[in-house]
Structures are given as C-alpha cells and as structure tokens.
Amino acid sequence: MMMLACVDVDYRDDVTVAACVVFRDWADASEAAHHVDRGPPAAAYEPGQFYRRELPHLLRVLALVPEPLEAIVVDGYVWLGQDKPGLGAHLYEALGRAVPVIGVAKTSFHSSDVALPVLRGQSQRPLFVSAVGLGSPTAAEFVQRMHGPSRLPTLLGRVDRLCRES
C-alpha cells in the first residue's frame, strides 16, 4: 500500500533530529507509523544553500520507511522562485524524481512567485504551498484536505513535535 509522509528536521548543538510521520490518506487524523533519526550536527548554514543542512538528514529518516511513498510533505519550500530549487526540489532530485514532494511554508518567501496561498480553518494567514512531481493546484488541494481545525495540519504539527521532543 502506498503511504504519505510528513518530514521535518530539528537542529541542536550536538545532534540533528529528523522525523517522519507516515499516514494513509490526506484526511487522516493520526499517523500509521513514525520514524526518528538522530544524526550528527548539521552542516553550517550557507546563504542560498539551506537545503544542504537538511537534505542528508531527511534522506536518512526516509530510508527507515519500509512502505513505498505516494508523496512527501516538507516543512518549507519546493521552489524559491521560477527555476530556483528549494529544499523540496532538491529532495525530489535526490530521490530520483520517484516521489512527488509538496512544500508547506508558514511564511512568505519574497521571491517565491510559484507558491500558492492556502487558507485553513479560521486562520486569515495562509500557508504557502509549492510542489514538484505533481501540480501545485493539486498539492494545495491535498494540503487543504489534511486533518486539523487550524492553520497547520495535524500531522505537520505532529512531525514538528516529534523532532523537538526526540
């Protein structure tokens, strides 16, 4: 059975924690499973090269998922602008373009004209959705369908907490 996944990374001085929450359907309120990878400290931040900090950790935690994935949701951008790859686009390439990646960002990126604003719950502040491997309108529809009464989908909040608390 194909699964869906939300992934996130948390940086600390002595360790980097990557987490993955696996679920069956966009509207699921709870996970089917989760995986956590505690790895070495992240590489130093390089302006314009943010993905280099997160990508190795995301690839390690995704390698722990035994089921085939239908799509991966990352906390951040897939595209930073036209033909300007962000974390999600680099993840898509690293996975051999085999699994669509949806980026869900909480803040607007000044040059990202390719992210679609998505309002959820009663929030007047949109999430910014971009994608690779499927159309952004479809990705925005999936994010809209994700479980949760508030701006941030339940399982994105879950993977964030899993990172911070592991």
Side-chain angles (χ1 to χ4, degrees), residues 1-10 17-37 50-109 112-121 123 126-163:
M1 176 177 192
M2 296 285 275
M3 301 293 274
L4 302 163
C6 291
V7 293
D8 203 357
V9 177
D10 184 57
V17 179
C20 175
V21 168
V22 181
F23 55 107
R24 290 179 180 85
D25 185 79
W26 291 106
D28 283 358
S30 59
E31 67 198 54
H34 69 259
H35 305 277
V36 175
D37 179 77
F50 172 74
Y51 75 93
R52 291 179 189 262
R53 288 189 70 154
E54 287 204 9
L55 191 58
H57 303 281
L58 292 178
L59 291 172
R60 270 206 319 278
V61 78
L62 285 167
L64 301 175
V65 178
E67 302 90 358
L69 294 174
E70 183 181 330
I72 299 167
V73 181
V74 298
D75 178 8
Y77 279 91
V78 170
W79 299 105
L80 301 175
Q82 289 294 344
D83 301 322
K84 244 181 114 177
L87 173 63
H90 287 286
L91 177 59
Y92 181 70
E93 291 296 326
L95 295 172
R97 299 181 177 188
V99 182
V101 178
I102 298 170
V104 177
K106 295 183 258 331
T107 56
S108 176
F109 187 73
S112 184
D113 52 0
V114 294
L116 299 177
V118 173
L119 289 172
R120 289 180 35 90
S123 180
L127 294 169
F128 299 92
V129 176
S130 53
V132 61
L134 76 163
S136 289
T138 301
E141 180 185 314
F142 289 153
V143 171
Q144 185 71 50
R145 284 183 28 213
M146 290 180 82
H147 180 271
S150 62
R151 178 178 182 237
L152 193 65
T154 301
L155 294 178
L156 276 177
R158 169 74 177 128
V159 76
D160 176 68
R161 280 190 311 281
L162 198 54
C163 272

*Leu156 backbone acceptor or donor facing Arg161 side chain under 3.5 Å*: no

Min side-chain heavy-atom separation [X]-[Y] under 4.5 Å:
X: Arg24; Y: Ser30; value: no
X: Ser130; Y: Leu116; value: no
X: Leu58; Y: Leu87; value: yes
X: Val114; Y: Gln82; value: yes
X: Cys6; Y: Met146; value: yes
X: Leu62; Y: Val7; value: yes

*Without hydrogens or angle criteria, can the side chains of His57 and Glu54 be said to hold a donor-acceptor pair below 3.5 Å?*
no

*Around Arg145, counting heavy atoms of other residues, nucleotides and ligands shown, do more than 12 lie under 6.0 Å from its CZ?*
yes

_side-chain contact (heavy atoms from CB on, under 4.5 Å) between Lys106 and Leu127, worked out_ = CA-CA 5 Å; Lys106 295 183 258 331; Leu127 294 169; 4.1 Å; yes

*How long is the span from the CH2 atom in Trp26 to the CD atom in Glu70, to the nearest 0.5 Å?*
7.0 Å

*Check the pair Phe142, Ile102 against side-chain contact (heavy atoms from CB on, under 4.5 Å), reporting the backbone distance first and the verdict last.*
CA-CA 9 Å; Phe142 289 153; Ile102 298 170; 4.1 Å; yes

*Residue pair Ile72, Leu91: steps toward the side-chain contact (heavy atoms from CB on, under 4.5 Å) verdict*: CA-CA 9 Å; Ile72 299 167; Leu91 177 59; 4.1 Å; yes

Considering non-hydrogen atoms only, spot the tightest contact between [X] and [Y] and give its length.
X: Gly88; Y: Val74; result: CA-CG2, 4.2 Å
X: Val61; Y: Ala18; result: CG2-O, 3.6 Å
X: Pro85; Y: Ala89; result: CB-CB, 3.6 Å

*side-chain contact (heavy atoms from CB on, under 4.5 Å) assessment of Asp37 paired with His35*: CA-CA 7 Å; Asp37 179 77; His35 305 277; over 6 Å; no

